[in-house]
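Inspection log for the structure reproduced underneath, given as structure tokens.
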2 protein chains.
Amino acid sequence: MVRLEDIARQAGVSHSTVSRALAGSPLISVETRDRIQKLAAESGYQVNQVARNLKVRSTSTIGLIVPEVSNPYYPKLVQHVADAVKAAGFSLQLHLSGSEQDAEAQCVASLREHRADGILLVTGERGIVAREQVLAMSASKTPVVLMGWVDGAEEFNLVTGDDAKGGYALGRHLVELGHRRIALLGKPPHRGPYDRLVGFRRALEEGGVPLSETLALEAASDEEVYVGVTKLLALDDPPTAIFAYQDSLAALTYKHLGDAGVSIPQDMTVVGFDDLDLATYLTPRLTTVGGHIEPLSAAFVDLLLVLVRGQAEESLPRQIVLTPQLIVRSSCTAPRQRPLTSSLSRPILDKRT
Amino acid sequence: MVRLEDIARQAGVSHSTVSRALAGSPLISVETRDRIQKLAAESGYQVNQVARNLKVRSTSTIGLIVPEVSNPYYPKLVQHVADAVKAAGFSLQLHLSGSEQDAEAQCVASLREHRADGILLVTGERGIVAREQVLAMSASKTPVVLMGWVDGAEEFNLVTGDDAKGGYALGRHLVELGHRRIALLGKPPHRGPYDRLVGFRRALEEGGVPLSETLALEAASDEEVYVGVTKLLALDDPPTAIFAYQDSLAALTYKHLGDAGVSIPQDMTVVGFDDLDLATYLTPRLTTVGGHIEPLSAAFVDLLLVLVRGQAEESLPRQIVLTPQLIVRSSCTAPRQRPLTSSLSRPILDKRT
DNA sequence: CGACGCCATGCACACGATTGCAGACATTCT
DNA sequence: AGAATGTCTGCAATCGTGTGCATGGCGTCG
């Protein structure tokens, strides 16, 4: 592979001159500069970034750590981040922290070894696990920005959506529609106060709607959603609405409700959270909370770039919180009224009061 | 940031000794090795991979170039690749080649500058655009493996699914169900012979089913699918089935058919291609072709790793073609019969003849 | 005509690691 | 006791660039 030295010999100059010529340094006369650039292009020269990075002590690389990318929530984020990072002239090193406990720390360590100029870390549902590593990175002047929920956020640079507000809007919407028996479906609240649920609860309390613990079901997989939905439908007094903590869970809920012959929203109101593309593909389109992935990822990258470029006037960690929006579509309606006149209606209707 | 030299001074040895100790070289006595490793751990030493890579002339990095990741087809691929690459002890550098014409070449160039040990290049719908760059890389002993459709495949290492076979299976399925007016919906065939369509056409020809050009509609965006579906429904003799070239288009088709009050599969059969998760979220579940992303990506990475490790006995480019499978779900049924005996049979049964 | 200044270029070192080779020291054998 | 052997460690070169500093040549001005 051709080096500066090779071009230098060919041009009859020193490698320093070639280096400067290719960098467009004003120290070099235009004639030699053009001559050398032409030579370099002809010989197919490509800078050895490894050597360059070593010398200039910076890599123009930023690392992105994401729990996974097969789950439909993250790809959009990755897309935005990748575009923004490239536009800023940096390369992207992608790491998937997966489900193993220490994988996140390993990702950070790897990026540290590779001397990434900055790190974007999206915490999964368990919050941040590589806490010490991140603090160590910050201590050694490598900026790290977190995204998602984290415990003890004030220590970190953080960008996050205000899930509590989103949850509140969602809860209020259901209350205003008149729902009084609302089921909850989702993963267990690993993240301490599970914000979107906290907001949701608050809305219900304000509306005087009780939240029955028997209607709060843990479910993460397809299988578990099936079990959960089946359990809810079998209740004497089934819910009139289901709040799935994530759109992907809502999609599974759709599927199993459909299989059970329950139609949305006539027989059951369903709402989600995230506003994936999925939400508009579903029939009926899903009412959800979102519309903030794009601004969120923009803020995410922007903050890091500011820090990487050293444009931060003060060094206090910053937290940026964006407010998501309630997106009303067609998966909600007022609950069906309980038939007052005993057994006139067919039992199948009773089930879904 | 702490270097080998720092630890060396602290331990009263030379940096060579530290290097060897950390690498676990048998040249170093166990006592000093342990002592040094302990010291390194305490001081939070992390190898400078940039310097290391320069010296050892290899980066343990492989590049992955993908058109985009917001489109639901690619994330699964990225996930598998990332996992496999990490398991093999390599880092992943992700590049999105996007829609601009020369972006792909820029990605390859960037990876070349960074001295990636190998490149995984997923060609978009326009096939390979960075042809010369890829050939140049191969010429300089950096293996490149392509995935997707490419023109003049024999020059490259290539992994691909046999779309023609998949299309054939799909076409045959529809023919056997009795469909004779079938609409086509998708992007224009950038890729020369658009294999999945070629196979599909062949199946129809074999079944003696004509393919009307008025039923072949170009559509890529939500908007265009809406226009297309509307046009089809407005025909005097509308189709009984729609083949969307991709699951994502099928999903949009679902949406617009639903809006128009057309129910699937009773009023219209819909099939897709790719088998995204999406396909099972839709109601009814989508009949499609797929089931090969996983083996495909496995073969993709495996082939590259073999080449990177130099285990290839001969240097001829290889092509690996995997056969996808027809996945029959609930979005297809036989076309509604034209009521022969006027109104005797109940329409709802006619629907499902 | 000499001195000074400027422009273009080369020299040499640094970045932080790996590694062949030589050498120091201890041990064992004759 | 001296030599041979083996074990461990240090020296120094190297990977390919970038860049401060010195230098050489040339033009200009006093």
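Quick note: numbers below take in every heavy atom, side chains included, and nothing from hydrogens, waters or symmetry partners. Each chain gets a letter, A, B and so on, in the order the sequences are listed, and its residues count up from 1.
- Atoms CG (B/Leu54) and C1' (C/dT18) sit 10 Å apart, rounded to a whole Å.
- Computed from coordinates, the A/His15 NE2 to C/dA14 P distance equals 14 Å when rounded to whole Å.
- For the pair B/Tyr45 OH and C/dG16 P, the interatomic distance rounds to 10 Å; values are reported in whole Å.
- Taking atom CZ of B/Arg20 as the reference point, atom C1' of C/dA17 lies 12 Å away to the nearest angstrom.
- Contact annotation: A/Ser29 side-chain N/O to C/dT9 OP1/OP2 distance is under 4.0 Å.
- Side-chain to base pairing of A/Ser16 with C/dA12: one donor and one acceptor N or O lie within less than 3.5 Å of each other.
- Residue B/Ser19 has a polar side-chain atom (N or O) positioned under 4.0 Å from OP1 or OP2 of C/dT18.
- Closest of all the heavy-atom pairs between B/Gln93 and A/Ser91 is NE2-CB, 3.4 Å.
- Smallest separation of non-hydrogen atoms from A/Ile293 and A/Tyr73: CD1-CE1, 3.9 Å.
- When rounded to the nearest whole Å, the span between CG of B/Asp6 and P of C/dG16 equals 9 Å.
- Read 5' to 3', the first and last nucleotides of DNA chain D with an atom closer than 4.0 Å to a heavy atom of chain B are D/dC8 to D/dG16.
- Pairing each heavy atom of B/Gln46 with each of A/Arg115, the nearest pair is O-NH2, 3.3 Å.
- A sub-4.0 Å separation between OP1 or OP2 of C/dT9 and a side-chain N or O of A/Thr17 is absent.
- For A/Pro26 and B/Ala51, each mapped to the nucleotide of DNA chain C holding its nearest heavy atom, the one lying further toward the 5' end belongs to A/Pro26.
- A side chain to side chain contact (heavy atoms under 4.5 Å, CB included) with A/Val122 holds for exactly one of A/Val78, A/Val66, A/Leu146; it is A/Val66.
- With values rounded to the nearest 0.5 angstrom, A/Gln49 atom CD is found 4.5 Å from B/Glu113 atom CD.
- The CZ atom of A/Arg20 sits 7.0 Å away from the OG atom of A/Ser14 when rounded to the nearest 0.5 Å.
- Following rounding to the nearest Å, A/Glu5 (CD) and C/dC11 (P) show an atom-to-atom distance of 10 Å.
- One atom, NZ of A/Lys55, and another, P of C/dA12, lie 16 Å apart when rounded to the nearest Å.
- Residue contacts for B/Val50: at a heavy-atom cut-off of 4.0 Å it reaches no nucleic acid atom on any strand shown.
- Within the structure, a side-chain polar atom (N or O) of B/Arg52 is placed less than 4.0 Å from OP1 or OP2 of C/dT18.
- Residues B/Val129 and B/Glu104 approach most closely at N-OE2, 3.0 Å, considering heavy atoms.
- B/Leu4 has its CG atom 13 Å from the C1' atom of C/dT19, to the nearest Å.
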